[in-house]
Amino acid sequence: DGGITQSPKYLFRKEGQNVTLSCEQNLNHDAMYWYRQDPGQGLRLIYYSQIVNDFQKGDIAEGYSVSREKKESFPLTVTSAQKNPTAFYLCASNHQGIGNTIYFGEGSWLTVV
Amino acid sequence: AQSVTQLGSHVSVSEGALVLLRCNYSSSVPPYLFWYVQYPNQGLQLLLKYTSAATLVKGINGFEAEFKKSETSFHLTKPSAHMSDAAEYFCAVSDRFTGGGNKLTFGTGTQLKVEL
């Protein structure tokens with residue numbers, strides 16, 4: 001089935017450790033995105049990528065890093081510099097073009113203790 | 001920058017009653033507007049979108065929304081609520097960036113509760 005796969009679904013890490021969240025899509029989409037969701041704040045954009053080997057910071061990029069070495073993959077690393085990393089993280093993708101629907105993965109819960 | 005405001009973080013309706021979830025947008029250019037639904041611990045699913053064709057947009061699960069430029073609104077409605085409609089709903093506007101792509105700016109969401 002075509003779609004966006006995020007893994008792991010649940011992840012626990014100790015404070016000060018880096019952690020990488022995986023996002024893979026088989027929809028042949030050019031653009032990929034990472035959003036962070038916190039209760040009562042909606043979704044906020046962390047990073048996005050329009051093409052392989054290129055990506056841009058979103059609204060809350062501090063403490064995060066990404067790579068886009070393959071069209072299908074857009075992993076997100078939450079570094080120890082992120083002050084409040086516990087959140088629900090959503091990966092998304094779409095075809096390039098204004099108004100094209102953005103599709104979302106099932107999300108990953110990260111809890112830092 | 002474009003933005004959306006969702007009035008009411010929590011809405012409660014009786015099963016069979018009208019559902020009305022409010023969304024107002026701010027945009028300096030003709031907007032693309034979206035409504036997404038999220039069930040607990042899941043990703044977002046597109047309900048419907050407005051892309052400057054018809055102002056009344058019909059979506060999945062019996063939902064529809066009307067684009068009103070004069071009111072800068074894009075409210076979501078459903079004539080008769082069902083228990084399965086209980087979820088969180090997000091309104092979003094498409095921000096355009098160089099290269100022809102788009103990214104979404106979301107409202108803070110409205111939690112819909114459906115009571116018997």
Side-chain angles (χ1 to χ4, degrees), chain A residues 3-10 21 23 25 29-52 54-61 68 74 87-111, chain B residues 1-10 21 23 25 27 29-54 57 59-60 67 74 87-111:
Chain A
I4 302 169
T5 302
Q6 290 187 239
S7 62
K9 179 69 175 180
Y10 299 95
L21 305 180
C23 178
Q25 54 97 1
H29 286 167
D30 304 296
M32 297 187 74
Y33 312 79
W34 275 105
Y35 284 88
R36 170 181 169 139
Q37 185 176 17
D38 296 281
Q41 296 192 48
L43 281 74
R44 293 178 291 168
L45 183 66
I46 305 172
Y47 268 98
Y48 60 96
S49 169
Q50 300 176 72
I51 196 169
V52 173
D54 187 49
F55 47 84
Q56 289 80 39
K57 293 181 179 180
D59 302 317
I60 55 164
R68 187 86 186 276
F74 192 41
F88 190 51
Y89 291 87
L90 287 158
C91 179
S93 69
N94 72 333
H95 287 299
Q96 287 281 33
I98 302 300
N100 282 343
T101 299
I102 292 179
Y103 297 89
F104 285 82
E106 291 294 296
S108 293
W109 276 106
L110 173 62
T111 301
Chain B
Q2 294 165 309
S3 65
V4 291
T5 302
Q6 292 184 242
L7 296 175
S9 59
H10 292 82
L21 304 182
C23 173
Y25 69 90
S27 175
V29 297
Y32 290 91
L33 294 160
F34 304 77
W35 274 101
Y36 283 86
V37 61
Q38 185 181 34
Y39 298 98
N41 295 323
Q42 294 186 24
L44 277 68
Q45 179 183 7
L46 181 71
L47 279 175
L48 50 81
K49 67 178 182 181
Y50 168 75
T51 58
S52 75
V57 182
I60 62 171
F67 175 74
F74 190 57
E88 188 155 25
Y89 293 79
F90 291 94
C91 182
V93 64
S94 179
D95 285 341
R96 306 178 187 191
F97 55 78
T98 55
N102 61 275
K103 58 184 174 75
L104 295 176
T105 297
F106 285 86
T108 52
T110 298
Q111 186 72 44

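Proteins come first, then strands; the chains are lettered A, B, ... in the order of their sequence lines, and each starts at number 1.
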Non-neighbouring partners of A:D59 that pass salt bridge (Lys or Arg N to Asp or Glu O under 4.0 Å), sequence neighbours left out: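 Here no residue qualifies.
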
Side-chain donor/acceptor pairs under 3.5 Å, residues 97-107 of chain A, sequence neighbours excluded:
from, atom 1, to, atom 2, distance (Å)
A:N100, ND2, A:H95, O, 3.2
A:N100, ND2, A:Q96, O, 2.7
A:T101, OG1, B:K49, NZ, 2.9

Do [X] and [Y] come close enough that some side-chain heavy atom pair is under 4.5 Å?
| X | Y | value |
| --- | --- | --- |
| A:F88 | B:Q38 | yes |
| B:Y36 | A:L43 | no |
| A:R44 | B:T105 | no |

Among the listed options B:G43, B:G107, B:S9, the residue most often paired with chain A at heavy-atom distances under 4.5 Å: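 The option with the most such pairs is B:G43.
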
Winner by heavy-atom pair count (cut-off under 4.5 Å) against chain A, out of B:L44, B:L46, B:T51: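 The residue among B:L44, B:L46, B:T51 with the greatest pair count is B:L44.
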
Less than 4.5 Å to any heavy atom of chain B: does that hold for the side chain of [X], its backbone, both, or neither?
| X | result |
| --- | --- |
| A:D30 | neither |
| A:L45 | side chain |
| A:Y89 | neither |

Flag if over 12 foreign heavy atoms under 6.0 Å of CD1, A:I51: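 12 or below, so no.
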
Largest heavy-atom contact set with chain B, pairs under 4.5 Å, which of A:C91, A:G58, A:G42, A:A92: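 Result: the option with the highest number of such pairs is A:G42.
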
Closest-packed option against chain B by number of heavy-atom pairs under 4.5 Å, given A:Q6, A:Q37, A:K9: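 Going by pairs under 4.5 Å, I would pick A:Q37.
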
